[in-house]
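So you know, we letter chains A, B, ... as the sequences are listed, proteins then strands, and number each from 1. Excluded from the calculations below are hydrogen atoms, water molecules and symmetry mates; all remaining heavy atoms, backbone and side chain alike, are included. Just so you know, these numbers come straight off a predicted model, no measurement behind them.
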Amino acid sequence: MVDDSRPSLAELRHTAAHVLAYAVQDLFPEAKPTIGPAIENGFYYDFDRAEPFTPDDLERLERRMAEIVAADYPMTGREVTRDGAIAEFAANPYKVEMAREIPENQPITLYTIGEFTDLCRGGHAQSTGGIGAFKLTNVAGSYWRGDEHKPMLQRIYGTAWYDREELEAYLARLEEARRRDHRKLGAELDLFSIEEQAGGGLVFWHPKGAIVRGIIENFIREGLRERGYQPVVTPHIAHERLYEISGHLDNFGENMFGPLEVEGQRFRLKPMNCPGHILIYKDRLRSYRELPLRFSEFGTVYRFERSGVLHGLNRVRGFTQDDAHLFCMPDQLQHEFEQTLDEALRLMKAFDFVDFQYVLSTRAPEDRGETDAVAEAAIRNALERSGLPFDVDEGGGAFYGPKLDINVRDAIGRPWQLGTVQVDFILPARFELKYRAADGQDHQPVMIHRALAGSLERFFGILIEHYGGAFPAWLAPVQAVVTPISEHEMGYAREVVNRLEKAGFRAQLDESNEKLGYKIRHWKTQKVPYILVAGKREVEDGTVNINQRGIEEKRTVSIDSFVEELKTVVEARR
RNA sequence: GCCGUCGUAGCUUAGCGGUAAAGCACCUCGUUGGUAACGAGGAGAUCAUGGGUUCAAUCCCCAUCGACGGCUCCA
């Protein structure tokens, strides 16, 4: 049964934004409303007001909004002339600016609820009563039109749903996201830290995090080797002229760390690995017989990010990409893309990303050249042949060519961008790359930049949240903990640990002087997949009692069969 | 960088114009316990840093640094 009068969620949220602005108009008449759209999960509204909104203000606004919703004011629209709109909002320069900028051929409309009228394109619930359940969530600064040279506004965020149940479910999801926050789990599980004394955005991988990283790297390396990539290693700093030639200084300069002066020469920390790989390509004459040439590197790059944008492992100043650059002939592009898509799929499967999507971003029509058309066709064909889901973002490509992004949703449905695959005709031209073709002439190769996991730091952060810190056994920093029930079984427990370590597993002995319940709790909170308990009975039988993460029933098995079981699990990457 | 909020022991937090308190974690001792917290004791804090106001500042004011929520950008 579909109720036609029921607004879409976006309409409902957009209406909630109006209601918020109405409440602000009532309680804070000096605040000038600017823009207030619906967004994923809710809405926001930006106001120009000298005083900040406090949490207390939000509560008052919520109460006033509830009254407006309860009053069930109808949403009425009317069309006005441009001058009419400008006159209506004479006291609000933002609305005037918007009214001025509405294209000639578009109608200018005003929408009213109760005593509040807003300049608005439309798309609302029929009345304010259509908002089922809402909550104001936070206040934040924002710039008018997102431009830091324009006035700073205050943004109030809210969320809105059809009913209270949905709202509660959403708030529970937020809570779940907080529980999984990689910054919190990173500290609790001793995986990594960011040290104040070293500076923001620089990641210290602790032993447990580094183990996981090593496993991820090995997994990626294996795939690269099978697909004919050759590992290379390039320096972290290079003479500034390298980045002048590559164009990074011009195009990416504001994200680069400043120069290091040595003996009058200026060096730069590398922001990307491509120039280095290009130098290796260029070091000698290349034959078409060598192509495609595939150089891979876990390349650590440094990028200047403004302090305010740093965020855990997601946004850092130094990170390592699972980077590679392919040098090929244009007619090899499609094949390389197909291979890359296969590899991306292998990666996502291994790390349990079942919901993913590719986004093909084409170059803006005005700078799209003949070569871009070739590249786009290659990517499109590869995508179509793979049968994998993809979207197209027209004009969203990099400045040097079309690109393909790999987007995944994690275990609780949040979207993340992993790697990206980009076709580049510009760098080969800038560096005058060549290969000797069958016709004896020199031709220019095409480059593909590709990183699948993207940044290992960010990928790790995503994995921590995806798994909620409970890494599957093949990834877990500690795969099994052996705990004796009392001191009497300590020797036996130590033996079991040795057996496991000899078999190549990451095992640990619990030597603490605590009761079993305490130890179980401790290792559960550490999210260890297998806790092996050894008491008198187990010592006598040469067994261990398995308390397995996520499984209520306990099992007693021989040490040999546990080793076999774990071997199977790890080999299957479970 | 900008706007806002916040910095008290390793962590989570209490307190407040008269120089600090708890739980967890840690250490020691007792205990040898069968599947998510055994008991007792101990150690641990120039209350982020630097200035200012005051007889007196962890508390009030200013600045700096850092964290968090956003704005912008992207891996």
Side-chain angles (χ1 to χ4, degrees), chain A residues 44 46 48-55 57 137-157 178 181 183-184 187-188 190 193-200 252 254-255 271-273 299 301 303-323 398 403 405-406 416-420 422 449-459 461-462 483-490 512-526 531-538 545-549 552-556:
Chain A
Y44 68 79
D46 285 345
D48 181 7
R49 177 174 181 245
E51 296 287 303
F53 291 103
T54 65
D57 294 338
T137 51
N138 56 323
V139 198
S142 68
Y143 297 103
W144 170 238
R145 306 235 137 144
D147 182 341
E148 62 184 289
H149 304 295
K150 298 206 161 123
M152 192 88 199
L153 307 172
Q154 292 187 66
R155 176 170 299 180
I156 299 178
Y157 280 95
R178 265 192 289 277
D181 191 316
R183 293 166 301 182
K184 182 169 163 281
E188 284 173 8
D190 198 14
S193 61
I194 288 165
E195 298 292 332
E196 197 175 314
Q197 289 183 65
F252 203 71
E254 57 185 45
N255 278 302
M272 292 189 190
N273 300 302
V301 295
R303 298 183 186 174
F304 170 72
E305 299 283 359
R306 288 175 299 176
S307 55
V309 306
L310 300 175
H311 182 94
L313 296 177
N314 292 349
R315 196 70 175 168
V316 294
R317 284 178 171 165
F319 59 98
T320 301
Q321 298 173 301
D322 62 325
D323 209 359
K403 64 169 184 171
D405 290 329
I406 302 167
W416 299 97
Q417 191 195 321
L418 297 184
T420 167
Q422 311 185 344
H449 306 247
R450 46 118 286 172
L452 300 184
S455 136
L456 291 181
E457 280 74 7
R458 178 211 275 226
F459 188 66
I462 294 170
T483 176
I485 286 179
S486 80
E487 231 163 58
H488 304 118
E489 297 87 21
M490 192 64 79
S512 69
N513 178 16
E514 297 290 347
K515 291 172 79 169
L516 184 60
Y518 181 94
K519 294 190 277 199
I520 297 284
R521 180 185 143 81
H522 178 252
W523 297 114
K524 289 275 185 193
T525 60
Q526 286 294 302
I531 302 170
L532 308 182
V533 177
K536 209 180 278 178
R537 296 197 292 272
E538 286 76 17
N545 183 261
I546 305 176
N547 184 324
Q548 187 176 347
R549 190 180 66 206
E552 201 45 50
E553 310 89 279
K554 314 293 179 276
R555 307 173 277 144
T556 299

Would you indicate, yes or no, if B:C68 has its OP1 or OP2 atom less than 4.0 angstrom from a side-chain nitrogen or oxygen of A:Arg183? yes
B:C62 to B:C74 separation - C1' atoms, rounded to the nearest Å: 36 Å
A:Ile462 has an atom CD1; how far is it from atom P of B:C74, in whole Å? 17 Å
Given Watson-Crick and G-U pairs under 3.5 Å, RNA chain B in dot-bracket ([ ] crossing, | other strand) is (((((((..((((....[..)))).(((((.......))))).....(((((..]....))))))))))))....
Determine the contact category for A:Val301: base if any of its heavy atoms lies under 4.0 Å from a base atom, sugar-phosphate if only primed atoms, P, OP1 or OP2 are that close, otherwise nothing. nothing
So what does A:Arg303 touch, heavy atoms closer than 4.0 Å: a base, only the sugar-phosphate, or nothing? base
A:Tyr157 near the nucleic acid: base, sugar-phosphate alone, or nothing, with a heavy-atom cut-off under 4.0 Å? sugar-phosphate
Provide the distance between the two P atoms, one in B:A21 and one in B:C16, to the nearest whole Å. 14 Å
B/S/- along nucleotides 26-37 of chain B (protein heavy atoms under 4.0 Å) is ----BBBBBBBB
Hey, does A:Leu153 reach any base, or is it just sugar-phosphate, or nothing, if we go heavy atoms under 4.0 Å? nothing
Using the C1' atoms only, state how far B:A14 lies from B:U49, rounded to an integer number of Å. 24 Å
Heavy atoms under 4.0 Å, any strand shown: does A:Arg458 hit a base, just sugar-phosphate, or nothing? base
Mind listing the residues from residues 139-149 of chain A sitting with a heavy atom below 4.0 Å of RNA chain B? Number order is fine. A:Ala140, A:Gly141, A:Ser142, A:Tyr143, A:Gly146
Pairwise C1' distance for B:U13 and B:A56, with rounding to whole Å: 27 Å
